[in-house]
K.L.:
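Handing you this structure, nothing more for now.
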Amino acid sequence: RLGTAVAGTNLFGVRWPFLVLGALLPWMVVRVARLGFSDEEGADRTRAVFAWRAGTLAVVLPLAATLGLLAVPDVPMAFASLLCLHAGARLLRRVDAAGALQLAAGLAIGALSHYRFAAVIGTGFIALLLMPAGRRVLMDARTWVAIVIGALAWVPLLVWNLDHADAGLRFQLVDRHPWSFHFSGAWFLLVQAVLATPLLFAAMGHAALRGMAGEGTQQAPFARYCALLGGLLVLGFAVLAFFADDERVSFHWTLPGLYALLPLVPATLAQWPQRWRRATWALAIAGLVATLGYYAFVSSPVARARFAAAKWYPSNFAGWDALAEAVRAQRKAMPANARIVADNFKVGAELGFALNDPDITVLPHPLNERHGRAPQLEVWSLLAKDAASLPHVPLLLVVGASELRYRDLLQHYHDLCAQLGPLPAPKVVGIDHGRQRFLLFDLP
């Protein structure tokens, strides 16, 4: 809301706050890493060198380097995680009101970002409990004032769930997960190693082991704190991968844990042979270049069309401009009071943004349920469950024909006919050799 209020309803307006938060994250890693050294004389240079190296690693870590390009909850959640990490490191040194206030702010921002922030809170709490210095922090009243403030930030979410039959909690904790063992979870750590680049991922694992053992130049409480928080979070999600959702993207879940380990990595790399250190940096930079290259490549319509059949084709991000242009042209030939109806939430959201129309009605669709969007559409009164729920004006029905498997399309068309009556011949909008297909039905 802040972004569009300042810069308007456009791509930059939506994204600039997330770009700002994403740009702040490496600087926050530097600040956290500086707390890992004592204030004794002679430590300043080591502190500065290792802190800047940690911040630079946050820049080249492929998973983190592009954070902020998309306006998604992971960006403020990563910001909140680092805010809490820095506050916890401060409190381990000395409990004061400023550190407690920072912890409260981090906990509140995280609670307002995503359900998944509960994992950061849980691992942080366990990390403090496992450390004598951490238990002293938890015995201070100021810490509990911060925790209470952070807990209160969850109240709006809990109230919404109580008012809507636990729809959000049910989707996040029950509906999207099979909760039965599946071997595909074994890919999780392998994917993490590839996306973080293998040597850097190994360095983070080594840093976690050294930190838990209290080794290295960092102060033992700080090292154990970062190692426990980061290590428990990554391992927790790795175990969960064997029982949880394996259909939707989940590789970004570990990012707060990776951020927590980065301040420990420079001291670990300093123990490695020079050729391995250079290889780690070179591989991380190559991973960053490859990631940025992928974004640049798929942003080119010509390049994207050439590889439309590839598995890594970015279907969620392709074709919306062309669809919006086709809808604008079709609307010009229709009566002035004509309304747009989308067959799924993605089409409705993208057209709503492109056409600056927040009132596009959406039909029931498996995609709405699969992504947990149906309850929110009902809250906004945008979900039309039957023909009577649709406005009695000329309608332009926009169907995302490539959102369903081919074998399910016929049944989807039957369902549309059952709800809306016989459909006329559509105008077909094909993008990237038909990889993305949309059908426009002009309904009187």
Side-chain angles (χ1 to χ4, degrees), residues 21-39 43-61 63-65 67-68 74-96 98-107 109-110 117 120-121 123-125 127-128 131 133-134 137 143 146 150 196 200 203-204 207-208 210-212 214-234 254-270:
L21 288 177
L24 287 174
L25 297 177
W27 299 95
M28 296 178 72
V29 172
V30 172
R31 290 200 65 191
V32 173
R34 283 181 176 274
L35 291 176
F37 296 86
S38 64
D39 295 324
D44 286 346
R45 186 176 184 280
T46 303
R47 178 197 294 125
V49 170
F50 280 15
W52 283 111
R53 286 179 185 173
T56 306
L57 285 170
V59 173
V60 300
L61 178 67
L63 266 177
L67 202 64
D74 296 86
V75 187
M77 194 175 83
F79 177 80
S81 300
L82 280 170
L83 208 59
C84 290
L85 181 69
H86 185 268
R90 283 184 61 173
L91 294 173
L92 284 172
R93 282 187 160 198
R94 182 171 63 90
V95 180
D96 56 13
L101 185 63
Q102 182 181 331
L103 178 63
L107 291 173
I109 294 170
F117 188 72
V120 178
I121 296 174
T123 50
F125 192 71
L128 290 175
M131 301 165 53
V137 170
T143 303
L200 182 54
M204 286 190 275
R210 292 180 75 241
M212 290 179 193
E215 298 177 14
T217 56
Q218 276 93 350
Q219 292 176 311
F222 172 85
R224 286 202 70 200
Y225 170 64
C226 290
L228 285 169
L229 200 158
L232 288 174
L233 198 63
V234 174
T254 61
L255 197 53
L258 300 184
Y259 270 123
L261 294 174
L262 282 179
L264 306 180
V265 172
T268 296
L269 286 178

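The chain is numbered in sequence order, starting from 1. Heavy-atom basis, side chains included; hydrogens, waters and symmetry copies ignored. Just so you know, these numbers come straight off a predicted model, no measurement behind them.
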K.L.:
Please test Leu264 against Arg210 for side chain to side chain contact (heavy atoms under 4.5 Å, CB included), starting from the C-alpha separation and ending with a verdict.
P.N.:
CA-CA 9 Å; Leu264 306 180; Arg210 292 180 75 241; over 6 Å; no
K.L.:
Do you know which two heavy atoms are closest between Ala100 and Ala146, and how far apart they sit?
P.N.:
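The pair with the smallest heavy-atom distance is O-CB, 3.2 Å.
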K.L.:
Looking at every non-hydrogen atom in both residues, tell me the closest pair between Val120 and Pro256 and how far apart they are.
P.N.:
CG2-CB, 3.9 Å
K.L.:
List the residues meeting side-chain hydrogen bond (donor to acceptor under 3.5 Å, both in side chains) with Thr123, not counting sequence neighbours, and say none if there are none.
P.N.:
none
K.L.:
Is there side-chain contact between Tyr259 and Leu85, with at least one heavy-atom pair below 4.5 Å?
P.N.:
no
K.L.:
Please find the pair of heavy atoms, one from Pro76 and one from Ile109, that lie closest to each other, and give the distance.
P.N.:
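Minimum heavy-atom separation between Pro76 and Ile109: O-CG2, 3.9 Å.
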K.L.:
For the atom pair CZ (Arg34) and CZ (Phe222), what is the distance rounded to the nearest 0.5 Å?
P.N.:
12.0 Å
K.L.:
List the steps, then state whether side chain to side chain contact (heavy atoms under 4.5 Å, CB included) holds for Asp74 with Leu255.
P.N.:
CA-CA 9 Å; Asp74 296 86; Leu255 197 53; 5.7 Å; no
K.L.:
Can you list everything that forms a side-chain hydrogen bond (donor to acceptor under 3.5 Å, both in side chains) with Arg90? Sequence neighbours excluded, please.
P.N.:
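side-chain hydrogen bond (donor to acceptor under 3.5 Å, both in side chains) list for Arg90, sorted by chain: Gln102.
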K.L.:
Taking side chain to side chain contact (heavy atoms under 4.5 Å, CB included) as the definition, give me every residue that meets it alongside Leu269, ordered by chain and number, with sequence neighbours left out.
P.N.:
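Partners of Leu269 under the side chain to side chain contact (heavy atoms under 4.5 Å, CB included) test: Ala203, Val265, Trp272, Arg277, Thr280, Trp281.
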K.L.:
Roughly how far apart are Leu91 CG and Cys84 SG, rounded to 0.5 Å?
P.N.:
10.5 Å
K.L.:
Hey, can you pull the donor-acceptor pairs under 3.5 Å for the side chains in residues 21-33, sequence neighbours left out?
P.N.:
none

K.L.:
Rounded to the nearest 0.5 Å, what's the gap from CG on Leu228 to CG on Leu261? Could you check?
P.N.:
10.0 Å
K.L.:
Is there side-chain contact between Pro266 and Trp52, with heavy atoms separated by less than 4.5 Å?
P.N.:
no
K.L.:
What salt bridge (charged side-chain N to carboxylate O under 4.0 Å, His left out) pairs are there with at least one residue in residues 257-267, not counting sequence neighbours?
P.N.:
none
K.L.:
Please test Leu200 against Met204 for side chain to side chain contact (heavy atoms under 4.5 Å, CB included), starting from the C-alpha separation and ending with a verdict.
P.N.:
CA-CA 6 Å; Leu200 182 54; Met204 286 190 275; 4.1 Å; yes
K.L.:
List for me each residue that meets side chain to side chain contact (heavy atoms under 4.5 Å, CB included) alongside Leu128, sequence neighbours excluded, and say none if there are none.
P.N.:
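If we apply the side chain to side chain contact (heavy atoms under 4.5 Å, CB included) test to Leu128, skipping adjacent residues, the hits are Leu92, Leu138, Tyr225.
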K.L.:
Determine the minimum heavy-atom distance between Ala133 and Pro221, stating which atoms define it.
P.N.:
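Taking Ala133 first and Pro221 second, the nearest heavy atoms are CB-CB, 4.4 Å.
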